[in-house]
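Each chain gets a letter, A, B and so on, in the order the sequences are listed, and its residues count up from 1. Heavy-atom basis, side chains included; hydrogens, waters and symmetry copies ignored.
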Protein chains: 2
Amino acid sequence: MTIQKLFANFDNYLPLDEQERDDLSKRVVERRIKRRQFILQENDICRHYTFVAEGCFRKFQVDKKGVEHNLQFAAENDRPAARWIMEIDSFYAEKPSRVYIEAIEPSVILQISKPDLLHLFMHNPKFDRNFRVIIENRFVELENRVLQAISSTAEERYVTFLDQYPNLSQRLPNTQIASYLGITPEFLSKIRKEISKKQVNP
Amino acid sequence: MTIQKLFANFDNYLPLDEQERDDLSKRVVERRIKRRQFILQENDICRHYTFVAEGCFRKFQVDKKGVEHNLQFAAENDRPAARWIMEIDSFYAEKPSRVYIEAIEPSVILQISKPDLLHLFMHNPKFDRNFRVIIENRFVELENRVLQAISSTAEERYVTFLDQYPNLSQRLPNTQIASYLGITPEFLSKIRKEISKKQVNP
DNA sequence: AGCAACCCTTAAAGAAGGTTAAGAAATACC
DNA sequence: GGTATTTCTTAACCTTCTTTAAGGGTTGCT
C-alpha cells in the first residue's frame, strides 16, 4: 500500500510506532496525478506538504522572458529527503507561490495540509523533529548545489549530477537536466559530446 | 548584555519566556573572536551552533586549486535567520567539516554545543520549533540563491545582492562579494564600472 | 607614523556558455 | 500503429566571464 512508503521514509529518521503511524495516516490524502499535471501553480498558495510515493515531479520558476528554471526534482527511489516537495515559503506564510510543481511522470502522492501538519507538530514532538531533519538534509544538499554553482564549470556540474543522481539522470530528459544545471540544452549537448569523445580517446 | 541579543533574535519566531531564557542562557557560551580568526577549519568537526552577537563572519570552502568560495555571511544587524552560522552536516553527523568559518571583523559570538542543543530540543518543543523555523528561513534564502545562480547574469546577481543586503554590501570588501557571487574580483570591478556608467548616462 | 598586507582597477587575449536556426531521432498518445 | 509533439544534435556567430599582468590606493597593525 502507498502509505507504507511514507512510513518507510520516516524509518530513515526517527521511525514511527503504531500509534504515530495511525495518527499520520488519518491526516494524509492520497492522489493520482497525470503526466504534465500541476499540483501547484504560480500565485496559488501552497496548501500541502507533498510526499512522492510513485513517479516524478519538478519544481520550477518562470522568469520575465518566460524561461523555466528547475529548482528541484522529487522522485520515487530518490534520496529520502528529496521525496518531499512543496514551496515552504508559500506554505507557512500563506503567500502566493512563485513556483510551479508539475508531474513529469504519472504519479501517486500523499499530501498533508498545514492544519494537519501543525496538529502533528503540536501533539507529538517526533514529527517536529522528523520534519526538521528532512529540511536540514535538504539544506545540506542546497548548500552543495550553491557551491557547485559558484565554483564549477557546467561540465563539472553535469558530471557531478550524473554521479550523484544516477536514478534521475536516466529518467529525466536532458532539457530538464540542463534547466536544473542552469545551462541551455544546446550547450549540454555539446558537453555530452565532449565527454563521450574523452571516453573513447583517453 | 550580549545574551539579550539572542533573546531578541528568538522574538522573531516564538519568543521565549523567563524560564526558557534561563534554560537557554545556562547552555550558551560567549566568546570574543579577533578579525581573521577561525571558529571552524576544514577537517575539524563542527561542535557548535554559533549566533553572531557582534561583528561579521564568512563561511567558505576551498577548491582543489586553492580558490576560496563564500557560501554564507553572518553579521550583526543582518536578517534574523542569517545570524546563525555552522556546518550543519558536520555538526549532526560529527564528520569532518569541508568548510572554514572565519571572522571578517572583531566579533562576539554565543555558542551552543550539540549536547546542550539536543537537551533543549528534548525538554522543550519550542526550541525544536524555533530552530526548525530558522533552518526553514535559511532554506528559502538558499533556494532563491540557487535560482539566481541558474537564471541570472553576474550583473543581475550583483544588483540583487546590493538591494537585498545593503548592510553587508557596505561592510564587506568587494573581493568577498565577488567570491559569494561566483565571479572574479576583476569581473566585479568591470560590472561596477558598467553600472556607474549607466547611472551617469541614462 | 610608517610599512606591509590587502584591495581595487584596467586592459588584452582567450575560454566558457548563449543564441539562432534547422534537421533528425525518439516518444506520447489516440 | 501512425502522427503530432517533444527531444536531441550540429554549427556559426555572439556575449559573458576568466586569466594574466601590472600599477595605484587603502587599510590594519605596532
Item to complete: Kindly write out the residues that satisfy side chain to side chain contact (heavy atoms under 4.5 Å, CB included) with Lys95(A), not counting sequence neighbours, or none if the list is empty.
Response: Asp89(A), Ala93(A)
Fill in: Distance flag, aromatic centroids of Phe73(A) and Phe60(A), threshold under 6.0 Å
no
Worksheet item: Looking at residues at least two apart in the chain, or sitting in another chain, which of them share a side chain to side chain contact (heavy atoms under 4.5 Å, CB included) with Arg192(A)?
Response: Tyr158(A), Asn174(A), Leu188(A)
Worksheet item: Listed in order of residue number, which residues of residues 174-187 of chain A have a non-hydrogen atom at under 4.0 Å from DNA chain C?
Response: Gly182(A), Ile183(A), Thr184(A), Glu186(A), Phe187(A)
Worksheet item: For residues Arg79(B) and Asn12(B), is any side-chain donor paired with an opposing acceptor at under 3.5 Å?
Response: no
Worksheet item: Side chain of Arg129(B), backbone of Tyr13(B): donor and acceptor closer than 3.5 Å?
Response: no
Discussion item. With a 4.0 Å cut-off on N to O distance, would you call Glu186(A) and Lys190(A) a salt bridge?
Written reply: no
Worksheet entry | Proximity to DNA chain D (any heavy atom under 4.0 Å), residues of residues 148-164 of chain B only | Thr153(B), Ala154(B)
Worksheet entry | Pair listing, salt bridge (Lys or Arg N to Asp or Glu O under 4.0 Å) test, anchored in residues 111-121 of chain A, at least two apart | Arg27(A)-Asp116(A), Glu94(A)-Lys114(A)
Worksheet item: For Arg32(B), which residues count as a side chain to side chain contact (heavy atoms under 4.5 Å, CB included) partner, sequence neighbours excluded?
Response: Glu30(B), Val108(B)
Discussion item. Please tell me whether Asp23(A) and Gln19(A) have a donor and an acceptor in their side chains that are separated by less than 3.5 angstrom.
Written reply: yes
Worksheet item: Tell me, which pairs form a side-chain hydrogen bond (donor to acceptor under 3.5 Å, both in side chains) where one or both residues lie in residues 40-50 of chain A, sequence neighbours left out?
Response: Glu42(A)-Tyr100(A), Tyr49(A)-Tyr92(A), Thr50(A)-Gln111(A)
Worksheet item: What bend angle does the helix from dC8(C)-dG23(D) to dC30(C)-dG1(D) show across its length, from five-pair end axes and to the nearest 10 degrees?
Response: 60°
Worksheet item: Could you run down nucleotides 25-30 of chain D 5' to 3' and tag each one B, S or - for protein heavy-atom contact under 4.0 Å?
Response: ---SS-
Discussion item. Closer than 3.5 angstrom, by distance alone: can the side chain of Ser179(A) be matched with the main-chain N or O of Asn70(A) as a donor-acceptor pair?
Written reply: yes
Worksheet item: Which whole-number value in Å describes the distance from Ile191(A) CD1 to dC8(D) C1'?
Response: 14 Å
Fill in: Residue list, side chain to side chain contact (heavy atoms under 4.5 Å, CB included) with Asn167(B), at least two apart or on another chain
Asn77(B), Arg171(B)
Item to complete: Examine distances only and state if a side-chain atom of Glu156(A) and a backbone atom of Thr153(A) form a donor-acceptor pair shorter than 3.5 Å.
Response: yes
Worksheet item: Is it true that the NZ or CZ of Arg58(A) lies under 6.0 Å from the centre of Tyr180(A)'s six-membered ring and within 45 degrees of the ring axis?
Response: no
Please list, for nucleotides 1-4 of chain D, all pairs of protein and nucleotide N/O atoms separated by less than 3.5 Å.
none

Item to complete: Take the angle between the ring planes of Tyr165(B) and Phe161(B) and call it parallel below 30°, perpendicular above 60°, tilted in between.
Response: perpendicular
Response to the item:
Tested for side chain to side chain contact (heavy atoms under 4.5 Å, CB included) against Ile150(A), the lone hit among His69(B), Gln61(B), Arg157(B) is His69(B)
Worksheet item: On DNA chain C, which is the earliest and which the latest nucleotide, 5' to 3', with an atom closer than 4.0 Å to a heavy atom of chain A?
Response: dG17(C) to dC29(C)
Practice prompt. Write down the atom of Asp128(B), the atom of Asp128(A), and the distance for their closest heavy-atom approach.
Written response: OD1-OD1, 4.1 Å
Discussion item. Counting the atoms with a prime plus P, OP1 and OP2 as sugar-phosphate, which does Lys190(A) contact under 4.0 Å by heavy atoms, base, sugar-phosphate, or nothing?
Written reply: base
